[in-house]
Amino acid sequence: MFTKDPILLACTVTVVLPFLSFLTIICYTRKWERVSCSISIGAILTSLLCAVYLFVATRHFTEPLQYRLPWVISGKTIIPFGFLVDHLSMLMLVIVAVIASLVQIYSLGYMAGDPGFSRYYACQSLFAWAMMTMTVAPSMIQFYIFWELVGLASYLLIGFYYEKWSASQAGKKAFVVTRIGDVGMFIGLVILLLYYGNLSIVDVNSAAVAKQIPVPLITISAILIFCGVIGKSAQFPLLTWLPDAMEGPTPVSALLHSATMVAAGVYMFARLFPFFAGSEQALQFALLIGTITMVLSSTMAMVARDIKQVWAYSTVSQLGYMVMALGAGGYFAGMFHLTTHAGFKALLFLCSGVFIHHYHTNDFFVMSRQGARNLKVPMVCMTIGALALSGVFPFSGFFSKESIMVALAHHPNKIWLAAGLFGEVLTAYYTFRLIFVMLFPKEIEDHGHHEEEHHEGESILYWLMGWPLIILASVTCVLGFFEKQFEHYLFADFILAHGMEHGAEAAQAGGHWLTITAIVLVLIGVAVAWLEYGRKGASQEGFLSRMPAIEKLFANRWYMDHFYRWALDMIIYSGFTNIFTRNDRRVIDGGIDGLCRGTEGSGRIASFLQSNMVQYNIFVMVAILGFVALSFLG
Amino acid sequence: MNGGVLSQGLLPQLAFIVVVGITFCGAIIAVFHRNILYNVLGLALALCGVAGLYVFLGSLFIGLMQLLIYVGAICIAMVFAIMLSRPVHLPKPKRKVSKMATSIFAGLLILGVNVGVIYKTAWQPASERKLDWSVKTIGDFLLTRYVLVFEVISLVLLVAMLGAIIISRYNGRTS
Amino acid sequence: MNNLTLYLLISAVLFSFGLVGVMMRRSLIAILVSIELMLNAASLNFMAFNKFLSPDTSIGQIYTLFIMGIAAAEAAIALSIFLALFRQLRSINIERARELRG
């Protein structure tokens with residue numbers, strides 16, 4: 001079976017190897033750190049090779065290829081396990097494999113000497129396994145199972161420094177908040193299963209769904225499933241977990257923010273895009289949520305002082321862009337932005353990881369004062385990443401953002417386009433705020449001795465961290481120029497499979513004014529940042545510091561966490577918990593106590609009858625019984 | 001009414017008498033001997049005899065079950081209880097003749113009643129009889145018609161085990 | 001040996017032995033032994049009726065199995081109670097158990 005079909009073999013190897021490495025590390029090699037990390041990295045590199053092979057081997061396939069093994073058979077419903085090989089899943093598989101392997105190599109340097117080194121690699125393998133299996137899932141059930149496993153793995157990694165209170169809290173928060181969205185998603189899937197009777201992704205995406213289910217029901221289930229995206233991709237009401245998730249090690253943040261955890265939500269949106277497209281309201285809803293998320297988190301990023309937090313907020317806002325693009329019908333734009341974003345966001349996080357590793361602080365004002373710009377490689381790479389993030393011309397972000405803008409411009413309601421352009425200004429502003437602060441420190445403390453600290457072992461570690469950065473930076477530089485091939489690749493699949501015409505002509509029709517406007521807006525953002533932070537004698541205080549109320553609002557994340565805390569206290573603690581406690585104390589405990597007291601009391605009463613002569617009692621009983629029976633016989 | 005090979009001829013009759021003898025001997029030892037350990041061993045003997053009777057009644061399976069469960073498990077459990085509580089070494093109070101007399105009287109009374117019932121009743125076999133002695137049928141019945149009883153008994157056994165563990169747990173107040 | 005009455009008589013005698021034991025013995029374990037005898041007499045009855053009268057010869061066997069199960073549960077509980085009692089009273093004499101009255 002395997003030997004005849006190299007694609008199936010490659011799929012299996014890709015998906016199973018990280019899991020095996022997870023098991024091996026957890027069960028056997030926890031003590032030997034070197035063995036653990038080589039197992040894990042070997043597994044992910046092999047997976048990467050297989051994924052690339054699959055990507056190349058299936059690039060001309062027009063029909064999605066499915067391997068399915070029935071797992072649960074209940075009546076007419078069959079829940080299969082297996083692989084769905086089409087262009088979208090292969091693209092995502094390659095992204096995940098590339099980012100995961102780079103992050104794991106980088107972690108060799110970053111995590112060196114950590115007491116939980118083996119555990120870290122085990123979790124990384126678990127993460128890679130869950131994400132890759134989710135990517136190739138042929139049915140929504142398998143998708144959901146591994147979706148949750150991704151959540152579990154990210155919980156383990158965010159709370160990696162579990163002895164730190166804030167880290168364990170952040171892990172819990174990520175787990176619980178995403179779970180809120182997942183409940184909605186699960187209900188949506190159940191509705192779909194009940195009315196359609198099949199959760200195979202290809203079938204759900206086919207046009208047959210619209211015929212079988214009334215549109216309002218599609219809308220309801222689509223919005224419920226979108227709740228899963230909201231939770232996983234940190235969209236508007238549930239976005240607060242992601243900025244906290246940076247409590248984990250920095251490479252974990254890089255993985256989490258770029259290709260795996262949060263990308264899973266957008267990936268699902270794209271995976272089920274034809275299904276979502278069946279309901280206009282669901283797309284509108286997504287568009288709205290994406291826009292709110294994008295603007296809110298951009299404003300938060302404008303005041304953050306923590307380098308990872310800035311990137312975290314920017315991740316949220318970029319995810320907002322992706323959801324906006326998908327919601328506006330720009331399937332390609334969303335996926336393209338997901339791809340480029342995976343590259344440059346991983347780059348940004350890995351760069352900031354080098355700084356954090358080196359200066360042992362998260363505050364980029366402090367880093368800059370200690371001479372962060374002397375670390376040449378990460379500084380250059382980070383600048384490249386920042387240019388891509390804010391959408392400056394030759395870098396990948398420019399192309400994907402432009403295609404998003406085109407998709408938004410095609411939407412009849414121009415408010416979304418305006419919001420998108422506004423977001424570009426904000427993005428450019430907060431990104432270059434950070435870059436200028438790092439590049440042009442106000443006063444440099446003399447830390448010459450840092451250079452001497454670079455002895456041999458350190459420099460190996462430094463380059464272990466450096467190479468992934470250089471690879472990612474070069475990818476970021478060139479990826480944008482492959483837009484056309486990319487579009488062709490995705491759409492060959494999409495149009496043939498679903499018969500939907502989008503994007504192809506949309507990309508042309510946008511016109512040049514949009515591109516020019518976007519570039520001008522980005523330059524405005526950069527210029528404002530330059531005026532405030534970059535130029536000589538700049539105050540390095542944002543214009544927001546003159547409006548303390550607004551700054552406070554932004555810095556406190558629009559009081560969302562406070563609101564959740566308050567809602568939690570009001571509804572859960574003083575509402576439900578109270579009722580349940582009362583129920584437990586009064587009804588259950590009281591009932592059992594009453595029962596006990598009744599038994600004891602009646603026992604006490606009945607014990608008056610006890611004459612401690614059991615055998616005589618029996619004798620009397622037997623004798624009377626015997627005589628009665630005799631008289632009946634008589 | 002043919003009970004198989006064991007029903008005809010002199011040898012089976014002899015065997016039957018031996019089995020009944022074992023049963024009664026065991027019962028007498030079990031009831032009247034003053035040493036508790038001997039009582040339990042007598043019980044084991046009587047149970048073996050009853051198992052033999054089951055074989056005569058045509059069910060080898062139940063006979064084996066009797067040996068396994070009663071002789072193999074329950075009697076052993078009793079021996080364990082005796083060893084744990086060591087009542088063998090306790091002083092034996094003297095038997096009261098009056099108590100013996102009254103209980104034997106009651107026993108004889110019930111025996112009389114039973115014998116009366118046995119002889120007075122006209123036993124009628126069922127009009128249609130399915131003579132199916134296979135274990136397979138028993139298994140089928142256990143999991144179809146009697147499945148509720150079966151499950152309830154399982155539950156009872158489970159609860160009994162838990163209860164036994166909890167009750168007999170060392171509570172630290174003595175020894 | 002091929003008629004019902006014989007088996008019923010054997011069972012009646014066994015039952016009476018058990019009854020005498022329950023009324024006469026002071027040791028709790030001996031009483032338990034006697035109860036087991038009575039239970040066996042009952043199952044013997046079941047088996048006899050099963051062989052000579054019943055419409056389906058599986059049912060009596062099933063009941064005998066159930067009786068065994070119940071007897072096992074009963075023995076387990078009874079023995080553990082005896083052990084607990086022995087720890088309290090240093091005796092398993094039924095006439096000494098009058099403190100149970102509370």
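Chain A is the first sequence line, chain B the second, and so forth, proteins listed ahead of strands; every chain is numbered from 1. We use all heavy atoms of the structure for the numbers below, so side chains are in, but hydrogens, waters and symmetry mates are not.
- The greatest number of non-hydrogen atom pairs below 4.5 Å with chain B, out of C:Gln61, C:Glu36, C:Glu74, is found for C:Gln61.
- Within the 4.5 angstrom heavy-atom criterion, only side-chain atoms of B:Tyr70, from C-beta onward, approach chain C.
- Using a 4.5 Å heavy-atom threshold, the side chains of B:Tyr54 and C:Ser43 count as touching.
- Contact count against chain C (heavy-atom pairs under 4.5 Å) is highest for B:Ile74 among B:Asn114, B:Ile74, B:Leu142, B:Ile104.
- Side-chain N or O atoms of B:Arg129 include none that pairs as donor or acceptor with a backbone N or O of C:Asp56 at under 3.5 Å.
- When side chains are defined from C-beta on, C:Phe15 does not count as touching B:Leu111, because their heavy atoms never get closer than 4.5 Å.
- Both the backbone and the side chain of B:Ile138 come within contact range of chain C, each with at least one heavy atom under 4.5 Å from a heavy atom of that chain.
- Both the backbone and the side chain of B:Gln66 come within less than 4.5 Å of a heavy atom in chain C.
- The candidate with the highest count of non-hydrogen atom pairs below 4.5 Å against chain B, out of C:Val33, C:Asn50, C:Leu83, is C:Val33.
- Contacts of C:Ser34 classified as side-chain hydrogen bond (donor to acceptor under 3.5 Å, both in side chains), with partners at least two apart in sequence or in another chain: none.
- Considering only residues two or more places apart in sequence or on other chains, B:Thr137 meets the side-chain hydrogen bond (donor to acceptor under 3.5 Å, both in side chains) condition with B:Asp132, B:Ser134.
- Using a 4.5 Å cut-off between heavy atoms, C:Ser11 does not touch chain B at all.
- Using a 4.5 Å cut-off between heavy atoms, B:Phe61 touches chain C through its side chain atoms alone.
- C:Ala75 touches chain B through its side chain: at least one heavy atom from C-beta onward sits under 4.5 Å away, while N, CA, C and O do not.
- Residue contact with chain C, scored on non-hydrogen atoms closer than 4.5 Å, is absent for B:Ala73.
- For a residue to count as touching a neighbouring chain, one of its non-hydrogen atoms must lie under 4.5 Å from one of that chain's; by this rule B:Phe105 does not touch chain C.
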